[in-house]
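Everything below concerns the one structure shown next.
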Amino acid sequence: MSVKKLLAGVASLTLTTGAFFGVSAPAFADDSSLDSDPVATQTIADVPANQGGEPAPSVEPASPEPKSDPEEQVPAASEVPAELAPAQPAPSVEPAPVNAAVTEAAPESSAADPEELASEPADAEPEAAPEFAARSVQPESQSRPQSDKKVWVCKFVASENSPSGYRLKLGKQPIHVSKNALGSDVNTAGDFNDRQPSFVVAEDDSSLCSRTVVTVDEEVVCPSDDGAGVVNITTSTTLFYGTKVVKSSQTTSTRHLTEKELAECEPPPVEVYVCQFVPSKSHPSGWVLAPGTQPVLMWDDALEGVVNATGDFDPETPSFIVASDDSALCASKTVERSTAIACPAGDDDGFATTTIVRSFFYGSIKVKERTVEKVRELTEDERADCPEVGGDVIATAAVSFVDATCAAPQELVLGSLVNAVWGAVTDPEGADDYSVTATAINGAHFPEMVDGALIAEPITTLTFSGVLNPQLDAGDPECEVVMPRLVLPVVSFTQATCDVDASYTLGAADGYDHTLVTFTVNGEPGILSGTYTVKESGSVAVTADPVEPNELEADWSDPAAFEFVAITTENCVLPSAVTAQLPTLPTLAYTGGGGSSAGWWLVPLSMIVLGGAAVIVRRRMDADAL
């Protein structure tokens with residue numbers, strides 16, 4: 001009995017152990033059928049089979065043991081080939097656990113056909129159990145070496161409905177398979193192609209297999225006279241297998257504008273500065289600035305047809321928008337001066353010709369120009385610069401520039417000339433913006449520098465050309481808006497006297513900054529504040545000019561020209577001459593009569609003595625009466 005008990009105990013222990021470690025033979029997750037796929041059949045021969053015929057014990061879903069990859073999971077016991085089944089019959093097992101395992105392995109596809117569902121892997125036990133069972137069933141010599149390296153594969157199957165002829169296989173994608181199990185239908189290029197649609201990807205990311213990209217473009221059409229506003233919607237849908245486009249479609253639709261879109265189509269009006277012009281028959285352009293302070297603030301929704309869109313003066317629509325409240329942006333003027341020196345030659349003493357060019361601008365467009373020439377004698381300094389009479393007559397010419405500003409580009413200034421005259425400034429062909437030529441006169445010629453030495457060559461013309469810098473961009477730091485300030489000029493005149501010379505005083509009223517204004521005196525601009533003496537008779541006309549962007553007070557008006565009259569010696573008399581002409585007056589003094597002045601003093605003295613004696617007597621009389 002003890003032996004039987006021992007054998008029974010051994011048998012019980014053996015059966016319990018076999019039941020615990022028994023597993024089914026594994027199958028690949030991407031094989032649709034074990035019977036029709038020879039690769040799957042060969043692979044199964046190398047994978048350990050279940051030792052006993054008993055079903056594997058159920059595994060709780062919340063077990064901390066991680067689930068193996070689909071290829072490590074094994075099919076149900078009913079799918080094990082006959083040649084691998086154990087010798088003794090397996091006890092009857094309910095198929096419910098197997099069906100549940102299959103359903104859990106393929107949760108993504110509820111419409112899969114039974115053949116595909118059967119190929120999906122089921123939950124498996126830890127890897128140690130299948131290895132133990134395999135050694136007990138099949139000799140080790142029959143196993144062929146396997147590589148442990150696995151890759152992720154996007155599995156595709158044929159489809160008549162797909163534009164490419166293939167579709168992604170139902171179930172989890174990509175799948176994790178051994179590199180040795182890759183068939184001829186899997187390419188390693190890593191992308192979809194027609195001959196080998198399945199391909200290897202870098203990681204477990206379904207978007208690497210297939211993805212759909214949808215882009216929506218909206219075009220807002222604002223309301224107009226033709227109709228109400230609308231939004232045109234274009235939706236593009238593109239299907240990718242890997243990175244290859246296999247299908248693309250596009251649809252269009254429309255919708256009504258939202259309140260926000262409608263507000264953006266009709267933004268609220270804003271105020272802008274506008275330089276306003278009115279017609280004028282006397283001005284060459286046909287327009288002059290409107291009376292009053294310019295520019296003025298206007299609502300932008302009221303500018304249509306009244307203000308041009310170029311932002312500058314245009315004779316067709318002269319009013320234009322400016323960046324700030326700066327009157328110089330509406331109208332301005334420039335004064336260019338040049339002096340030509342004609343040196344003495346022979347009997348000619350030489351002379352100087354000063355040319356003053358005043359240019360008037362509306363915005364940046366020149367609308368008027370006035371040129372004045374004045375001829376005068378040479379000064380001593382100018383005559384000293386001229387060569388000796390009888391020697392070579394040298395001509396000189398030079399140009400300078402006014403830097404570009406926020407309101408105007410760089411300007412060319414024609415400098416002084418000696419024995420030469422300027423030609424017209426032209427805009428030549430090519431890259432240059434200007435070209436001007438000075439021509440020598442009076443038999444003079446321009447010198448030429450050779451190897452650093454000045455030599456005289458018969459060069460009678462000298463041409464200057466180049467490129468002018470453009471107007472500064474509005475975003476330039478120098479173009480920051482500077483608010484203008486008001487200034488009230490003060491101009492006074494003092495006529496000459498015999499002691500003080502005539503003078504005039506320029507400045508600003510108390511409380512105003514005198515640096516904000518300069519003056520033009522008899523056509524000479526740029527005169528600063530101060531007192532200036534006038535030695536001779538003549539007229540002096542003064543005009544106040546505010547320094548940009550500042551402005552003059554509205555009640556200011558330039559004074560009328562003042563006539564100074566010089567004082568001559570005939571009109572003034574010296575003080576010594578006046579004293580000599582005055583009459584001599586007698587000296588007044590007190591004189592007494594021959595020593596009788598002492599008697600005059602005795603009269604008041606005697607009166608005082610008599611009065612004192614009377615007082616004394618009276619007091620004594622009063623005393624006796626008592």
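Numbering of residues begins at 1 and proceeds along the displayed sequence.
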Q) Just one of F360, F277, F361 clears the ring-ring contact (aromatic ring centres under 6.0 Å, His included) bar with F313, so which one? A) F277
Q) Is the backbone of A404 close enough, under 3.5 Å, to the side chain of Q471 for a donor and an acceptor to pair up by distance? A) no
Q: May I ask you to decide if P174's main-chain N or O and K172's side chain share a donor-acceptor pair within less than 3.5 Å?
A: yes
Q: Starting at CD1 of I233, measure out to OG1 of T254 and round the result to the nearest 0.5 Å.
A: 7.0 Å
**Q.** Shortest non-hydrogen contact from V307 toward T317
**A.** C-CG2, 3.8 Å
Q.
For a side chain to side chain contact (heavy atoms under 4.5 Å, CB included) check, start with the C-alpha distance between T334 and V402, then their side-chain angles and the critical distance, and finish with the verdict.
A. CA-CA 11 Å; T334 61; V402 176; over 6 Å; no
Q | Residues Q173 and S206: side-chain donor-acceptor under 3.5 angstrom | A | no
Q. Could you walk me through whether T188 and V186 pass the side chain to side chain contact (heavy atoms under 4.5 Å, CB included) check?
A. CA-CA 7 Å; T188 58; V186 178; 5.8 Å; no
Q. Looking just at side-chain N and O atoms, do S324 and D326 make a donor-acceptor pair shorter than 3.5 Å?
A. no
**Q.** Full working for side chain to side chain contact (heavy atoms under 4.5 Å, CB included) between L412 and L414
**A.** CA-CA 7 Å; L412 172 69; L414 302 181; 4.1 Å; yes
Q | Heavy-atom pair of closest approach, residues L208 and A202 | A | CD1-N, 4.3 Å
Q. Can you tell me if CD on E271 sees more than 12 non-hydrogen neighbours from other groups inside 6.0 Å?
A. yes
Q: Could you tell me whether the side chains of T234 and T252 share a donor-acceptor contact shorter than 3.5 Å?
A: no
Q) Just how far is it from atom OG of S400 to atom CD of E336, taken to the nearest 0.5 Å? A) 9.0 Å
Q.
Any heavy-atom pair between the side chains of T238 and S248 that's under 4.5 Å?
A. yes
Q | Full working for side-chain hydrogen bond (donor to acceptor under 3.5 Å, both in side chains) between S159 and N161 | A | CA-CA 5 Å; S159 173; N161 297 326; 4.9 Å; no
Q.
Please report the interatomic distance CZ(R255) to CG(N232), rounded to the nearest 0.5 Å.
A. 10.0 Å
**Q.** pair V274-V272: side-chain heavy atoms closer than 4.5 Å
**A.** yes
**Q.** V220 versus C265, closest heavy-atom pair with distance
**A.** CG1-SG, 4.1 Å
Q) Can you check salt bridge (charged side-chain N to carboxylate O under 4.0 Å, His left out) on D205 and R211, steps first, answer last? A) CA-CA 11 Å; D205 185 355; R211 69 184 189 280; over 6 Å; no
Q) Counting only heavy atoms not in K244, do more than 12 sit closer than 6.0 Å to its NZ atom? A) yes
Q.
Please give me the minimum heavy-atom distance between E261 and H256, naming the atom from each residue.
A. OE1-O, 4.4 Å
**Q.** Check: V467 and D432 side chains under 4.5 Å, non-hydrogen atoms
**A.** yes
Q: Spell out, as yes or no, whether a donor-acceptor pair under 3.5 Å connects the side chain of D433 to the backbone of L468.
A: yes
Q) With a 4.5 Å limit on heavy-atom distance, are the side chains of L257 and V231 in contact? A) yes
Q.
Let me confirm one number: the CD1-CG distance from I321 to D312, rounded to the nearest 0.5 Å.
A. 12.0 Å
Q: Only counting residues at least two apart or in another chain, list the ones meeting ring-ring contact (aromatic ring centres under 6.0 Å, His included) with F192.
A: F156, Y241
Q: Please step through side chain to side chain contact (heavy atoms under 4.5 Å, CB included) for the pair D185 and K155, ending with a clear verdict.
A: CA-CA 9 Å; D185 64 337; K155 186 70 175 179; 3.0 Å; yes
Q.
Taking the side chain as everything from C-beta on, heavy atoms only, tell me whether L303 gets closer than 4.5 Å to M298.
A. yes
Q | Step-by-step side-chain hydrogen bond (donor to acceptor under 3.5 Å, both in side chains) determination, Q294 to S327 | A | CA-CA 6 Å; Q294 294 290 338; S327 60; over 6 Å; no
Q: Taking all non-hydrogen atoms of both residues into account, name the closest pair between Y166 and P197 and its distance.
A: CE2-CG, 3.4 Å
**Q.** Any donor-acceptor pair under 3.5 Å from N187 side chain to V200 backbone
**A.** no
Q. Taking atom OG of S285 and atom CG of D314, what is their separation to the nearest 0.5 Å?
A. 11.0 Å
(Q) Rounded to the nearest 0.5 Å, what separates atom CD in Q250 from atom OG1 in T237? (A) 9.0 Å
Q | Under 3.5 Å donor-acceptor, N308 side chain and S319 backbone | A | yes
Q.
Are W287 and V367 packed together at the side-chain level, in the sense that at least one heavy-atom pair is separated by less than 4.5 angstrom?
A. no
Q) Do you know which two heavy atoms are closest between L168 and S210, and how far apart they sit? A) CD2-OG, 3.6 Å
